[in-house]
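This report concerns only the one structure given below.
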Amino acid sequence: MVRRRGNYEIRIVGKQLSCPHCDGAIFSHREVYIDVVPFVDEEQKQQLTLQSFTCKDCGNIQQFQQLTKGMETNIVYKQVD
Amino acid sequence: MVEDLSCEESQITILNRPLICLFCEHDVFIPYRTYRNVEKPGIDVFFVNYTAVCTDCGGVIQFVDPSYFNNREGVYVWAFDQTLLHTRPPEPAIIRIVDEVTLQAQKKCLHLALRLLVQEKSVVDTVLSLAEEEEYCKVIALLESKTCQLVEEINAEKCLASVLNQLMTHRIVDSNQLLSIVINESYPGIEPFLKQYIK
Ligand SMILES: [Zn+2]
Ligand SMILES: [Zn+2]
């Protein structure tokens, strides 16, 4: 499991991520994998890779998929400690 | 209304309310059917939900299918509606081959379900012989008091679906129980369920 150590402020498509529960703006990060129900003809198990952000103050979790277009990515991390 | 969401760029409504991204307020998602393992007796039984990803910001919303049976109106309410953003070329016709065991199970269930309808005087007993002769279109025409219109080929499975629907509409069997058996167990479960109602 990929993990960035420390705490971050996150910008997603240019907008600051804040906690919908407590308005906090500092998050810890984990990459998480979610099993996708396979189609009948699929042998290989598929997984969805998501970036999970846990509010440092209240523990609320928000998840985003990393989307990249050329050199640009939707999620920008700024380490704060 | 749709039974399952297909994994494509789309706008989605749940019980007629559009799904909106909490972060960026866009309304286009790719919904994935995902699952979590559940406690016993959940061996091979998964808790299936949807994980929808906003195509604009990547934001994730997770939800389950809240479709339900409306007892008062006697109808099953499908919760989802989905508008695909890209129209697909029509899929090649799939020829479904039913194996012999399944086919026999379908016919057996169909026979039992029709006997119940006859028993409750919801339909005349000629349906039984029509079903034997695989005249499924005529069976459905009798049940739904319509004329036989051959718009599509009707096989035992489709006929069974229509008959089970009648059993629920006429409240001859417990709808919730029947639906859960159809979804979770299919034919081996339907047979004993119907038998218990036969006098
Ligand atoms: Zn918070
Ligand atoms: Zn979004």
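To find a chain, count down the sequence lines: A is the first, B the second, and so on, and within it residues start at 1.
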Can you tell me how the ring of Phe80(B) sits relative to the ring of Phe63(B), calling it parallel under 30°, perpendicular over 60° and tilted otherwise? perpendicular
Given heavy-atom pairs under 4.5 angstrom as the criterion, report whether the side chain, backbone, both or neither of Leu50(A) touches chain B. side chain
A quick test of your reading: do over 12 heavy atoms of other residues, nucleotides or ligands sit less than 6.0 Å from NE2 of His26(B)? no
Where on Tyr32(B) is there a heavy atom nearer than 4.5 Å to chain A: the side chain, the backbone, both, or neither? side chain
One thing to verify: whether Glu134(B) and Lys107(B) come together as a salt bridge, which I'm taking to mean a side-chain N less than 4.0 angstrom from a carboxylate O. yes
Close approach to chain B in residues 70-81 of chain A, criterion heavy atom under 4.5 Å: Asn74(A)
Donor-acceptor pair, side chain of Tyr136(B) and main chain of Glu133(B), under 3.5 angstrom: no
Main-chain N/O of Ser18(A) paired to Gln62(A) side chain as donor or acceptor, under 3.5 Å: yes
Among side-chain atoms of His29(A) and Gln51(A), is any donor-acceptor pair under 3.5 angstrom? yes
Should we say atom CD of Glu25(B) is surrounded by more than 12 heavy atoms from elsewhere, each under 6.0 Å from it? no
